[in-house]
Novice: 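Before I ask anything, here is the structure I am working with.
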Amino acid sequence: MIHYEQTNRTFHLRNDFVSLVLRVQLDGDNEPELLMPYLGAPLCDPASCLYLCAPRGGASFDSPRQTLPYACPTDGRGDYRPALVCAVDGQGQRCTELFYAGHRIEAGKPGLNGLPAAYVEDAAEAETLFITLRDALTGLEAELRYTLYADRPVITESILYTNTGSAPLTLQSAGSACVTLPGRYDLIHLHGAWAKERSIERVPPARLSREISSCRGASGHEHNPFAVLAAPDATEFSGECLGAALVYSGDFSITADENAYGSTRLTLGLNPRSFTWQLHPGEAFQAPEVLFAYSANGLNAMSQALHSLIRQRVCRGYWRDRERPILINNWEATYFDFDPEKILKIARAAAEDGIELFVLDDGWFGKRNRDNCSLGDWVVNREKLPCGLDGLSRDIHGLGLKFGLWFEPEMVSPDSDLYRAHPDWCLHAGSRRRTTARQQLILDMGRREVQDYVIEAVSGVLRSAQIDYVKWDMNRNFMEAGSDTLADGRQGETAHRYMLGLYRVLETVTGAFPQVLFESCSGGGGRFDAGMLHYMPQTWTSDDTDAAARLSIQYGTSLCYPASAMGAHVSAVPNHQVGRVTDMRMRGDVALGGNFGYELDLSAQTDADRAEIRRQVRQVKVLRRTTQQGVFTRLLSPFAGNVTAWQFADEDRVILCAYRVLNMPNGEPLRVRLRGVPEGLYQAAEGSTVSGSDLMRAGVPLPFAPHDFASCVAVFERIRKVL
Ligand code: DGJ
């Protein structure tokens, strides 16, 4: 899979789906530079792309370095495009020159120290190329690691920076990956805000540097740490595209830059705006990993590669391949205003309807009856729950349901025993004011004693009762992010140290309770990234639970993330976020597109809606293996029209889900063609049979009910593998 060819000093990482070519090339002073001339469809011979290593610009004014596809571009040497590395020496000199110093190839894929990453279960699944680059003057080494999976169109990259010199260096930028493709590419990315996460934006080619980023201390609602370079003619089903997802949950920066010499560069890594790192002699710094997925056949194939990689080789643990329980969460049913009676009334109704897991949300601890206190005091509020968590959990289990609990462990309320005892444990910038948001401050997760406190606080509660599920929330972003523990000049390390501390906590807690199902959350989907999914296999997608709004949120999220990762709940109407009324069928059919659950007071629903809920629960139990582990395909985009459609398929069935937002006379497509349906004979719900190829050629009619917000789900069971 990975070959080194001595004559051309070329590395070729190749499988049946993708090629990556790297080349060691001597510059004008005979220094060996590392170039990446090619990442794309599999090549027969890597030499065929080496013309892309020729400097451009002829006798022009510009530096030839401005035209070359550097694998690890650095600041200060005439490549004016975005760089990965800026290392400053004791004199303040920012110039770094990284030249090839050696390489090795290993079977498998090593883990990343302290950081989430994709993994292998068997060394035969992948090969890894390590290339060391070195700056002779400072001694800075960058070890670039490229892993090629044998059976996936996927390459991962990360960089380990080591100071092998004798003087300290300050990393002002320590990026993770860089790709430079010849030609113009569109940048596709996911943007949003609270309750409207991950809309798809496609930016046409333009000679502008573009950046998507976060300096919020979380990957954030606004931008997602994921981007696609797509050929201008690429569609969902055709054309070249390269998806790149950063396996990281904190501050990041992704730049896309098209330069005057007709190439497009993508860089990914930590956000230099909120990062510096002192690297003393002998110390190393590990940059996060990037997952690249290549498709020659459009965006769906790229997404499918990312879905299966993230689901099978980023997510881990007991729940990775298991069917996820249908849950009911009390948040929108009660908010903070609950007692055991209210909770048990909802849980009883849930048990009657076949729901499997009850989740008690915010408000069960300390003195918390509003969002103004008690974060950090993870002790049950006995005034509210006299039976304690163990009593409540017993009652809920007695109804035949599992029991789950909400936490927000990274936070502290100024009105809390924890804050009164340890006012220095929150992030703060010296004597500056500490700005609260949602009346809370953020714990300094970079501090070891804070990490240990959080581990013990959460673990203590999990030991105190039968708790089968945890919702791990995070409800504000960084301000005045400094740390008392960092010496002068090192405050720029706060944000990344926070993430390293958080990852240690997550590794410890999830490892100690392997059968607990963890779901991450951040004011809805404000930390939906591959980093969190390494610890928790599902994420609450958005606080906006309106069925119509969820179409674009879930559709956009699917560009990178699998349906099994997306929490999707049926909530009450009028919807609490947008006031819209949609019928129970539509709400259930939309939630079917993710990890299915409810978030309403079941006991307050009409008989007809309860009957529909029971039907949904029965249906989800039959279909969830396919919706959670099957192949997801986007068919019609909510960003392009009034009808949205997507499809799930596995060896046993195909499920078409279609949604029409507004009812309009004579304006809608009458059918949708399925895609990638496995060959064979299928049975439709009404008993008729149809071949897989006809489902793709003739399509499926969409019998929407004649009103706004209508949906239809058509299930085709595969009854014969051949016609
Ligand atoms: C934000 C989450 O997104 C909600 O689902 C809920 O858990 C609240 N936090 C509770 O404070």
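Atoms within each ligand, like the ligands themselves, are counted from 1 in listed order.
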Novice: Determine whether Leu385 and Pro340 make a side-chain contact, defined as any pair of heavy atoms from C-beta on separated by less than 4.5 Å.
Specialist: yes
Novice: Parallel, tilted or perpendicular: which fits the ring planes of Tyr535 and Tyr503, with parallel below 30° and perpendicular above 60°?
Specialist: parallel
Novice: Scan for ring pair (Phe, Tyr, Trp, His ring centres under 6.0 Å) pairs involving residues 443-464, sequence neighbours excluded, and state none if there are none.
Specialist: Trp425-Tyr453
Novice: With hydrogens left out, which residues have an atom under 4.0 Å from ligand 1, given that only heavy atoms count?
Specialist: Trp331, Asp361, Asp362, Trp406, Arg438, Lys471, Asp473, Asn475, Cys521, Gly523, Gly524, Trp540, Asp543
Novice: For residues 391-409, pull every pair meeting salt bridge (charged side-chain N to carboxylate O under 4.0 Å, His left out), keeping only residues two or more places apart or in separate chains.
Specialist: Asp390-Arg394
Novice: Any pair with a residue in residues 500-520 that passes salt bridge (charged side-chain N to carboxylate O under 4.0 Å, His left out), sequence neighbours left out, goes on the list, sorted by first then second residue, please.
Specialist: Arg316-Glu507, Asp452-Arg504
Novice: Only one of Trp364, Trp406, Phe365, Trp331 passes ring-ring contact (aromatic ring centres under 6.0 Å, His included) with Phe336; say which it is.
Specialist: Trp331
